[in-house]
Chemist: 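The following block contains the structure, expressed as structure tokens.
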2 protein chains.
Amino acid sequence: MKKGKDENTEEQILEAAKNVFQTKGMDGARMQEIADKAGINKAMLHYYYRSKQLLFEAVFKNVFSLLAPQLNAILNDDSSIEEKVKNFTFNYISFISKHPYLPNFIIQELNRNPEFILQMKDSKGFPNLAKFKKQVDREVEKGSIKPISAEQLFINILALNIFPFVAKPLIMAFSNVDSKVYKQLMEDRKTEVADFIINSIKNT
Amino acid sequence: MKKGKDENTEEQILEAAKNVFQTKGMDGARMQEIADKAGINKAMLHYYYRSKQLLFEAVFKNVFSLLAPQLNAILNDDSSIEEKVKNFTFNYISFISKHPYLPNFIIQELNRNPEFILQMKDSKGFPNLAKFKKQVDREVEKGSIKPISAEQLFINILALNIFPFVAKPLIMAFSNVDSKVYKQLMEDRKTEVADFIINSIKNT
DNA sequence: AATTTTGTTAACCAAATGGTTAAACCGTAT
DNA sequence: ATACGGTTTAACCATTTGGTTAACAAAATT
């Protein structure tokens, strides 16, 4: 069996490609740089993935599959809204610290080619608002949270959690803080963001 | 005087370049495409702007100068926090409808090259948190709003307003809405976002 | 009117880039 | 041992791309 070897190379390519594509984007990425990072000949990229476009798509799907479960935690979990907001906020900020380029990569590439996400919408595990919508409507009706549509609440939760990482250079410049202070701000947000959201929607 | 002619050409180039750079990004943009959109010969781009890099920087500064006054409305205006939040939210969403690619462009390019914003920090009119910080601290002390740092509040305001436009393709896919419904959601946010923020920070 | 300066173009160039190919390599089965 | 299969590499190729040049046109200056 030499399969160990192939799978290893294929995996090394994907890892290197994830690295380069996430930091440089599709247009800025260079096949040669990916090959160098993987420590193999450039022809191997085409041997295993045919073209830059297909390699990119493999990377995108792989990266996206990391994000989807995070979002499903808020959409398809069984806990209360309040619990979900607390858990999601806490976990997401930890998660993103391990994948700092992920949100920007996904957002950038989807804006470059918005049709691309349509191919993924069918795959199982793709985040979907249906269940969350029912829950929000029910809690609004019960009176435990103020009137808000599930869509707007979902947008707000994502915005407050994701945006600070996407806009890091901008925020750092405006607020005149260095990397260290910025990191502390993000650490504080693990609990502050949840409080901010809950304060806003909770009925007294 | 043929100055009318030059300035016209120079201006046409900048307009075409803004168009192309904002939609394709620095790496995806092609000098030929800019020339075509401007209806002139490619050599003119170099005649007026020397290089792709310098043309890009001219575009970036121009685009950034549209955004800065929007942000200063919340940082350096004299109205109360509540008023500011209401006005900013309402105005920003209108503003962005006229410049849909702007926030994504700025965020994407700053992530590609975070040092770039340092060159701009000195220029007058560059958004700065100093005044806003004093105001927030004062209002917290007075007890008119709940304890929150100016930095976190500013991040939250930006996040809730900017993110929905940056992440449009993502949100559309998750919530299964078409462009028309999405536009309505954004329209609703002109008032909903301000309420959301104020609910969260206002002391009862 | 002659000349100099500025604006504009077509043709060209060198480097970079995604992709291909033909030969070498290497473990395995015959 | 040898032939065979997938794997890997160096060299190569065609195209794209940012940038240049030299000649030409249009003003501006004298």
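The chains referred to below are lettered A, B, ... by the order of the sequence lines, with proteins before strands, and numbering in each begins at 1. In this text, all values refer to a predicted model and were calculated from it rather than measured experimentally.
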Chemist: Answer yes or no: is there an ion pair linking B:Lys131 with B:Asp78, defined by an N-O contact shorter than 4.0 Å?
Modeler: yes
Chemist: After noting the C-alpha distance and the side-chain angles of B:Tyr49 and B:Phe56, does the key distance pass the ring-ring contact (aromatic ring centres under 6.0 Å, His included) rule?
Modeler: CA-CA 9 Å; B:Tyr49 292 92; B:Phe56 169 79; over 10 Å; no
Chemist: Grab the CD1-P distance between B:Ile13 and C:dG7 for me, whole Å please.
Modeler: 11 Å
Chemist: Expressed as a whole number of angstroms, how long is the span from B:Tyr49:OH to D:dG19:P?
Modeler: 15 Å
Chemist: Please determine whether a side-chain nitrogen of the Lys or Arg among A:Lys183 and A:Glu187 lies less than 4.0 Å from a carboxylate oxygen of the Asp or Glu.
Modeler: no
Chemist: Indicate whether OP1 or OP2 belonging to C:dT8 is found under 4.0 Å from a side-chain N or O atom of B:Thr9.
Modeler: yes
Chemist: Does the distance from a Lys or Arg side-chain N to an Asp or Glu carboxylate O, for A:Glu15 and A:Lys18, drop under 4.0 Å?
Modeler: yes
Chemist: May I have the distance from B:Asp27 (atom CG) to D:dT17 (atom C1'), rounded to whole angstrom?
Modeler: 13 Å
Chemist: Using atom CG of A:Asn8 as one end and atom C1' of D:dT8 as the other, report the distance to the nearest whole Å.
Modeler: 14 Å
Chemist: Kindly say if A:Ser51 contacts the phosphate of C:dG18, meaning a side-chain N or O under 4.0 Å from OP1 or OP2.
Modeler: no
Chemist: If you only use heavy atoms from C-beta on, which nucleotide in D:dT8, C:dT8, C:dG19 is closest to the side chain of A:Lys42?
Modeler: C:dG19
Chemist: Return the value, rounded to whole Å, for the distance between atom OH of A:Tyr47 and atom P of D:dG5.
Modeler: 13 Å
Chemist: Is A:Arg30 close enough to C:dG18 that one of its side-chain N or O atoms is under 4.0 Å from OP1 or OP2 there?
Modeler: yes
Chemist: So, is A:Tyr48 close to the D:dT8 phosphate, meaning a side-chain N or O under 4.0 Å from OP1 or OP2?
Modeler: yes
Chemist: Between C1' on C:dG18 and CG on A:Asn41, what's the gap in Å once rounded to a whole number?
Modeler: 13 Å
Chemist: From CD of B:Gln12 over to P of C:dG7, roughly how many Å is that when rounded to an integer?
Modeler: 14 Å
Chemist: Output the rounded distance in Å from CG (A:Leu54) to C1' (C:dG18).
Modeler: 13 Å
Chemist: The side chain of A:His46 is closest to which nucleotide in this list: D:dA10, C:dT9, C:dG19?
Modeler: C:dG19
Chemist: Start at the 5' end of DNA chain C and walk down; is the nucleotide closest to A:Ala43 or to A:Gln32 reached first?
Modeler: A:Gln32
Chemist: Would you indicate what A:Met31 reaches in the nucleic acid, counting non-hydrogen atoms under 4.0 angstrom: base, sugar-phosphate, or nothing?
Modeler: sugar-phosphate
Chemist: Reckon A:Ala35 touches a base, only the sugar-phosphate, or nothing at all at heavy-atom distances under 4.0 Å?
Modeler: nothing
Chemist: Can you tell me whether the side chain of A:Lys52 and the base of C:dG19 have a donor-acceptor pair closer than 3.5 Å?
Modeler: no
Chemist: Report the C-alpha separation of B:Tyr92 and B:Phe88 in whole Å, then their side-chain angles, then the decisive distance to 0.1 Å, and conclude whether the ring-ring contact (aromatic ring centres under 6.0 Å, His included) test is met.
Modeler: CA-CA 6 Å; B:Tyr92 183 81; B:Phe88 175 75; 5.5 Å; yes
